[in-house]
Amino acid sequence: MMAANEQSDTRTPLIVAQNLTKSYGNTPVLHDFSLDVMQGEVVVLIGPSGSGKTTFIRTLNGLETVDTGRIVVNGTVLADNAVAGNKPHKPHHRTLQHVRRDVGMVFQQFNLFPHMSALENVMEAPVRVRKTPREVAKKRALELLDRMGLADRADHRPHELSGGQQQRVAISRALAMDPSAILFDEVTSALDPELVGEVLRAMRELAADGMTMIVVTHEMQFARQVADRVVMMAGGRLVEEGTPQQIFSSPKDPRTANFVRSIVSPDPVEGLERAQGS
Amino acid sequence: MSEIISWLPSLLQGLLVTVEITVVAMAVGLVLGIVLATMRLEPSNRWLYIPATVYIELMRGTPLILQLFFVYFALPAVNIHIDPFVAGVLAIGVNYSAYLSEVFRSSIRSVPRGQWEAASSLGMPRALIMWRIIFPQAGRLALPATGNYFIGLFKDSALASTISVTELLFSGQILAAQTFQYFKIYGVVALLYLLISYPTSLGLRALEKRIDLTSTRRSELRKVERTA
Ligand SMILES: Nc1ncnc2c1ncn2[C@@H]1O[C@H](COP(=O)(O)OP(=O)(O)OP(=O)(O)O)[C@@H](O)[C@H]1O
Ligand SMILES: [Mg+2]
């Protein structure tokens with residue numbers, strides 16, 4: 001790609017979300033929420049339960065609609081309504097498919113296809129959606145599984161894999177579409193504690209390779225090491241954003257401070273810092 | 001004993017017709033059932049949902065034997081004449097499609113939402129998601145109930161005797177009318193029904209086990225197949 005092109009890439013955000021609002025009946029879930037994500041950036045979303053984190057990241061690939069606001073993903077407009085209409089704007093299904101092929105998503109419950117082997121899970125979309133030749137897709141899928149440390153698990157069905165392995169297959173499945181960005185929604189919350197590390201490690205490597213990531217997680221250690229930016233949400237609003245250092249060590253908003261304190265850190269060093277700070 | 005053997009050719013001929021009715025009617029029921037289930041997936045899609053619902057209620061709300069009579073005796077009044085075998089297969093298949101569609105619809109609904117979401121997150125179009133992700137899983141969920149209906153249909157095929165299809169029961173009736181050996185003849189007829197239905201139900205149970213996604217044996221089998 002040409003240098004000029006790359007420069008403009010770094011100036012326009014890859015993902016633009018402006019003034020999003022959404023409510024279920026009378027319950028507001030997103031409230032004038034805006035967030036831009038640059039290419040290669042890793043944004044960690046934190047906030048109490050029900051603050052709208054899941055709803056927000058699902059609007060970015062059209063699994064949820066917004067009532068008002070503007071969403072642009074890698075140049076494709078997913079939502080563009082300045083004022084509240086009666087009906088949420090529903091993008092055309094081709095637009096949705098286009099964006100979804102370009103933005104991966106990894107779920108808390110893995111959602112692997114149980115009737116397919118790990119390899120078939122990873123190959124499915126490239127072969128059926130992108131029409132990649134089977135052999136090419138297979139080679140690439142095996143590479144991805146290998147990179148996730150699953151080379152010897154390619155022929156296993158999801159139920160024969162541990163939670164951590166399943167989640168790494170799910171990450172490979174997302175990667176197989178060569179996405180511009182990947183959305184992660186609490187992808188380690190359903191895992192036994194001893195399996196969390198292997199998934200976070202895989203995600204850290206992705207980030208190091210320059211993948212654009214939006215990550216909903218309460219793993220402080222991960223956020224500190226990997227996030228370029230941490231965004232605190234509460235009541236569907238953006239409360240505060242900043243570097244991990246700013247958000248975790250010197251939060252400005254009392255809600256952030258409370259929330260950060262409420263997360264039991266698995267990292268003893270952090271517990272020590274907190275003890276020294278108070 | 002020798003009289004039983006002398007009856008066997010016509011009884012076995014009847015059994016063959018019974019099996020034919022069962023297989024063809026089941027095929028009709030399966031295909032129509034899948035179409036109906038798909039039509040009723042989205043109640044908001046009224047032009048598909050309402051006709052399918054009316055059809056299903058009609059089929060489930062009236063006796064199968066009446067539907068059979070309707071096709072065979074009533075349609076000729078409007079100048080539609082159908083061969084008894086075809087009439088039997090059609091009436092039974094169409095009737096069973098209503099029940100099967102309900103099995104399929106609830107199986108499709110039982111596939112976790114996350115499967116839809118994961119597949120659509122990969123940019124798969126609706127029809128592809130249905131075909132590759134939902135149907136294979138729904139099919140597994142539907143198998144036990146579908147198997148029961150299959151055996152039910154096999155037995156209900158005897159109703160075709162009422163419109164003069166010479167299937168197993170009717171073959172027995174003919175012999176009985178000639179020989180008055182009701183006990184022996186209907187006994188053999190019963191055994192012949194069991195000869196098919198019992199192994200079928202065992203086979204279905206084995207098949208259920210084989211395609212169970214939570215049993216490890218299958219993928220071990222697959223590995224063996226692959227290396228062999
Ligand atoms: N389908 C729905 N119908 C009604 N309300 C909903 C629905 N989905 C979400 N909500 C509400 O929207 C709000 C935001 O939910 P959301 O799942 O986005 O929060 P979250 O920040 O991801 O929470 P958690 O940390 O528990 O996952 C909650 O109050 C929730 O009850
Ligand atoms: Mg959530």
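Every chain is numbered from 1, with letters handed out A, B, ... down the list of sequences.
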J.: Charged N to carboxylate O below 4.0 Å: is that the case for A:Arg201 and A:Glu205?
T.: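 Answer for the salt bridge query: no.
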J.: By a 4.5 Å heavy-atom criterion (distance strictly below it), what part of B:Leu128 contacts chain A: side chain, backbone, both, or neither?
T.: side chain
J.: Less than 4.5 Å to any heavy atom of chain B: does that hold for the side chain of A:Val103, its backbone, both, or neither?
T.: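 Only the backbone of A:Val103 comes within 4.5 Å of chain B.
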J.: Nearest 0.5 Å please: distance from the CZ atom of A:Phe56 over to the CG atom of A:Leu30.
T.: 8.0 Å
J.: Counting only non-hydrogen atoms closer than 4.5 Å, does A:Arg173 touch chain B with its backbone (N, CA, C, O), its side chain (CB onward), both, or neither?
T.: both
J.: Answer yes when A:Asp146 and A:Arg153 have at least one side-chain N-carboxylate O distance shorter than 4.0 Å, and no when they do not.
T.: no
J.: In Å, rounded to the nearest 0.5 Å, how long is the span from CD of A:Glu124 to CZ of A:Arg128?
T.: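 With rounding to 0.5 Å, CD (A:Glu124) is 5.5 Å from CZ (A:Arg128).
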J.: Between A:Phe113 and chain B, with a heavy-atom cut-off of 4.5 Å, which part of the residue counts as in contact: side chain, backbone, both or neither?
T.: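 Both backbone and side chain.
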J.: OH of B:Tyr72 to CD1 of B:Ile82: how many Å apart, nearest 0.5 Å?
T.: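 Answer rounded to 0.5 Å: 10.5 Å.
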J.: Thinking salt bridges, do A:Asp67 and A:Lys22 make one under a 4.0 Å N-O criterion?
T.: no
J.: If you count heavy-atom pairs under 4.5 Å between each of B:Arg132, B:Gln137, B:Met124 and chain A, which one has the most?
T.: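 Looking at each option in turn, the highest pair count goes to B:Arg132.
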J.: Is it the case that A:Asp155 and A:Ser117 place a side-chain donor and acceptor less than 3.5 Å from each other?
T.: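 No donor-acceptor contact under 3.5 Å links the two side chains.
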J.: Mind running salt bridge (Lys or Arg N to Asp or Glu O under 4.0 Å) on A:Arg204 and A:Asp209 for me, showing each step along the way?
T.: CA-CA 9 Å; A:Arg204 196 185 311 141; A:Asp209 287 349; over 6 Å; no
J.: What part of A:Leu112 gets closer than 4.5 Å to chain B, counting heavy atoms only: side chain, backbone, both or neither?
T.: backbone
J.: Please check if any side-chain donor atom of B:Gln67 sits under 3.5 Å from a side-chain acceptor atom of B:Thr62, or the reverse.
T.: yes
J.: Heavy atoms under 4.5 Å from chain A: which residues of residues 85-117 of chain B carry them?
T.: B:Arg113, B:Gly114, B:Gln115, B:Glu117
J.: Pick whichever of A:His93, A:Arg101, A:His98 has the most heavy-atom pairs under 4.5 Å with chain B.
T.: A:Arg101
